[in-house]
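In listed order, ligands and their atoms are each counted from 1. All values derive from a computational prediction rather than experimental measurement.
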Amino acid sequence: MPRDLDPRFDAEIDRRGTHCMKWDMMEAIYGVPASDGLAMWVADMDFEPPAVVTDALRAMTSHNVYGYFGNDGPYRDAIRWWMAERHGWEVDPGAIFTTHGLVNGTALCVDTWTAPGDGVVLFTPVYHAFAKVIRGNGRRVVECELAYEDGRYTPDWDAWDAVIAREGATMAILCSPHNPNGRVWTREELEGFAALAERHGLLLVSDEIHHDLVYPGETHVPMSKVMDPARLVMMTAPTKTFNIAGAHTGNVIVEDEGLRAQFGARMLGLGLSPNSFGLHMTTAAYSPEGAAWVDDLMRYLDGNRRLFDEAVDAIPGLRSVPMQATYLAWVDFSGTGMDRAEFTRRVEGDARIAVNHGPTFGKGGDSFLRFNMATPRANVETAVARLAEAFGDLQ
Ligand SMILES: Cc1ncc(COP(=O)(O)O)c(C=O)c1O
């Protein structure tokens, strides 16, 4: 067995008929048949979580009483341990707020620290829920488009200075590592984002939900190690890392005492507190057993990534942007010369693969589709074979 194959991740788990958004909604949303379609859209994985998480849930169900949770000390301590051990980041357990996931965390940040009508900067193309939450709260999205050249995304400081000066903004939301372009920002780039926030008086919210899903040879630097905490709010979650998104549990980590008091007051005012399932799963996952599983997961995903990129790049006109992190492949179809409707029809109609559409990620996304390759290797093989066939006339 090649080193990166692993029966835990190769196992075909049928998720159909389980209220699974990715597999059960694809026919209704994309017209991709449930019978032999491939679900490569929603960002969760087709894998079981590590045994340590399953054991924690089994302990809950065998006790079989589901009352209110008390004493979150071990939970906070597990988060503190994970951030120090995996990211070299010392977190004060008192700085941690637990939200109903990070879309909710983003909404709470927007609600706490901006006013209706304020501009909130996004570095596009970027995770689509940010814009939904900003607009849903009656704030304006200020789009700062990343520069894209030769398969690589980079900041465009001068252009962004002009956009922010023109549009006005009070907050920026950074995605680090970045979804969907897969970038792990360098320390210099992060310093650039910090300086941009400083120049324009922005509070920077750094969504680091993908921070554990980094490929060998890449190093994620937490924004907290780069930037003055007075302008910074960190967000992390165990949900992408351990495939427990249904637990809807995330952490907004606020190091500055003044900002912390403001956020705490807003959480209190909204009567928010977490569910016990998420807390038990997180405490179990952020452990040495969880860490060993993540290392194995990344070895497997690295194999998927290589297979996917190589096969897609071999199709004339298609280009997969090299992933430094995440399991989300961002594929550029501009080289096909086709319009968006045509290349999307070929992917969804001919290849029967449900994917995320580029324009939902904001400016710069038009010629792209996003493919989730956190699925057994056999599905990735099927996907690339179907793509080669669907675009076979370009060979
Ligand atoms: C950058 C980013 N933030 C947040 C989320 C979702 O977070 P949650 O499920 O905790 O609301 C995602 C999911 O894809 C994401 O990519």
Side-chain angles (χ1 to χ4, degrees), residues 19-22 25 39-47 49 79 96-111 120-134 136-137 141 146 153 171-185 193 204-214 220 222-223 233-253 272 274-275 277-279 281-282 285-286 301 321 323-330 354-358 360-362 365 368-375:
H19 290 274
C20 161
M21 180 189 275
K22 187 159 71 167
M25 300 299 291
M40 300 184 91
W41 56 305
V42 177
D44 65 23
M45 306 193 274
D46 294 327
F47 308 140
I79 297 171
I96 301 168
F97 295 91
T98 299
T99 60
H100 191 66
L102 289 193
V103 174
N104 177 230
T106 305
L108 285 165
C109 290
V110 168
D111 180 65
V120 179
V121 173
L122 295 181
F123 305 103
T124 68
V126 75
Y127 177 51
H128 39 73
F130 292 153
K132 280 192 200 158
V133 159
I134 293 165
N137 279 289
V141 175
L146 288 153
Y153 282 89
M171 175 180 278
I173 302 175
L174 175 68
C175 193
S176 176
H178 194 277
N179 166 14
N181 70 35
R183 276 297 317 275
V184 172
W185 303 114
F193 283 109
L204 190 93
V205 175
S206 188
D207 180 337
E208 307 198 0
I209 198 168
H210 296 281
H211 64 169
D212 295 311
L213 304 170
V214 169
H220 166 78
M223 195 52 159
V233 173
M234 298 285 287
M235 300 203 301
T236 65
T239 46
K240 295 284 156 207
T241 309
F242 297 100
N243 201 30
I244 52 173
H248 261 309
T249 300
N251 297 112
V252 177
I253 302 178
L272 288 175
N275 74 79
F277 291 89
L279 299 192
M281 282 194 265
T282 304
Y286 282 158
L301 288 177
V321 173
M323 276 165 274
Q324 298 173 313
T326 84
Y327 46 73
L328 304 164
W330 185 235
V355 290
N356 291 90
H357 296 185
T360 59
F361 296 84
F368 289 81
L369 296 174
R370 193 191 74 174
F371 292 73
N372 178 341
M373 34 127 249
T375 191

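- In summary, the atoms of ligand 1 found under 4.0 Å from a heavy atom of Cys175, numbered by their order in the structure, are 1 (C).
- The shortest N/O to N/O separation between His210 and ligand 1 falls below 3.5 Å.
- A distance of 12.0 Å separates CD1 of Ile209 from OG1 of Thr326, quoted to the nearest 0.5 Å.
- Residues Ile134 and Met171 fail the side-chain proximity criterion, which asks for heavy atoms closer than 4.5 Å.
- In this structure, Phe123 has its ring center closer than 6.0 angstrom to the ring center of Phe193.
- Using a 4.0 Å cut-off between heavy atoms, Ala237 makes no contact with ligand 1 at all.
- Protein heavy atom closest to atom 10 (O) of ligand 1, with residue, atom name and distance, is Leu102 N, 2.7 Å.
- Here is the list of ligand 1 atoms found below 4.0 Å of a heavy atom in Ala43: 14 (O).
- Here the CG-CG distance, from Asn356 to Leu369, works out to 9.0 Å after rounding to the nearest 0.5 Å.
- Ranking the protein heavy atoms by distance from atom 7 (O) of ligand 1 puts Ile209 CD1, 3.5 Å first.
- If you number the atoms of ligand 1 from 1 as listed, the ones under 4.0 Å from a heavy atom of Lys240 come out as 12 (C), 13 (C), 14 (O).
- Between Asn275 and Phe277 the shortest heavy-atom distance is OD1-N, 3.0 Å.
- Listed by chain and residue number, nothing satisfies the salt bridge (charged side-chain N to carboxylate O under 4.0 Å, His left out) test with Arg370 (two or more places apart in sequence, or in another chain).
- In this structure, Asn243 contributes its side chain and Met45 its backbone to a donor-acceptor pair below 3.5 Å.
- The single protein non-hydrogen atom nearest to atom 12 (C) of ligand 1 is Tyr127 CZ, 3.3 Å, given as residue, atom name and distance.
- Close contacts between ligand 1 and Asp207 involve ligand atoms 1 (C), 2 (C), 3 (N), 4 (C) [criterion: under 4.0 Å to a heavy atom].
- Considering both main-chain and side-chain atoms, Val103 comes within under 3.5 Å of ligand 1 through a nitrogen or oxygen pair.
- Taken to the nearest 0.5 Å, the CZ atom of Phe371 stands 14.5 Å off from the CH2 atom of Trp41.
- Residue Asn179 places at least one N or O, backbone or side chain, under 3.5 Å from an N or O of ligand 1.
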